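Written out below as structure tokens is the structure these notes cover.
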Amino acid sequence: QVQLVESGGGLVQSGGSLRLSCAVSGRALSDFVMGWFRQAPGKEREFVATVSRSGRNVRYAVPVKGRFSISRDARTMVYLEMNNLKPEDTAVYYCAAGPFTGWDRLPPLSEYDPDYWGHGTQVTVSS
């Protein structure tokens, strides 16, 4: 059974930084496209970033491009480095695994439907 466990959330001032981590178990990390999503209070969950199985290709949502960076190691971990945080970044952040697709491929956003989800970690940015 695939499990995803996020960590690293917290309270930070506007302009600050946080690094989120996601530990994957139950199946090889290399099997999955990995991603981060977020859900703010009263809003739908939204895409943040994704990285290909190879780690070479990444894609970001427009609001975080240039401030956030997604990466993965060769074993079990996926990261989201968040810089210059803004109050509008406040949300629960979710790690997501899947689908299983080509080594360097990223699914089109319209088709991006992860197979597995973590329980989330809260990020709060104060103004």
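In what follows, every heavy atom counts, from backbone to side chain, and hydrogens, waters and symmetry copies are set aside. On a predicted model such as this, the values are computed, not experimentally measured, just so you know.
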[atom2] on [Y] to [atom1] on [X], rounded to 0.5 Å:
| X | Y | atom1 | atom2 | answer |
| --- | --- | --- | --- | --- |
| C22 | M77 | SG | CE | 7.0 Å |
| Q13 | S127 | CD | OG | 9.5 Å |
| R59 | K65 | CZ | NZ | 9.5 Å |
| L20 | F68 | CG | CZ | 8.0 Å |
| Q122 | L11 | CD | CG | 9.5 Å |
| C95 | Q3 | SG | CD | 12.5 Å |

Decide whether [X] and [Y] are clustered together by the hydrophobic rule: side chain heavy atoms of Ile, Leu, Val, Met, Phe, Trp, Tyr closer than 4.5 Å, transitively.
| X | Y | result |
| --- | --- | --- |
| L109 | Y60 | no |
| L85 | Y79 | no |
| L18 | V92 | no |
| Y112 | M34 | no |

(request) With sequence neighbours left out, write down each residue that passes side chain to side chain donor-acceptor pair (under 3.5 Å) with D31, or none if nothing qualifies. (result) R27
To check you understand the geometry: which heavy-atom pair defines the closest contact between [X] and [Y], and what is its length?
| X | Y | value |
| --- | --- | --- |
| W36 | S21 | CH2-O, 3.7 Å |
| R105 | T101 | NH1-OG1, 3.1 Å |
| W103 | S30 | CZ3-O, 3.9 Å |
| V51 | I70 | CG1-CD1, 3.7 Å |
| N84 | S17 | N-OG, 4.3 Å |
| R72 | L29 | NH2-O, 2.7 Å |

(message) Does any part of the side chain of H119, heavy atoms only, come nearer than 4.5 Å to the side chain of V5, both counted from C-beta?
(response) no
(message) Please identify which of these residues, D89, V123, L80, meets the side-chain contact (heavy atoms from CB on, under 4.5 Å) condition with R38.
(response) D89
(request) Quickly, which of Y93, W117, Y94 forms a ring pair (Phe, Tyr, Trp, His ring centres under 6.0 Å) with F37? Name it, please. (result) W117
(request) Would you please classify the geometry between the Y116 ring and the F32 ring as parallel, tilted or perpendicular, with 30° and 60° separating the classes? (result) perpendicular
(request) Test side-chain contact (heavy atoms from CB on, under 4.5 Å) on R67 and M82 and set out the steps. (result) CA-CA 6 Å; R67 299 188 297 121; M82 305 186 295; over 6 Å; no
(request) Using only heavy-atom distances, determine whether the side chains of S52 and D104 contain a donor-acceptor pair under 3.5 Å. (result) no
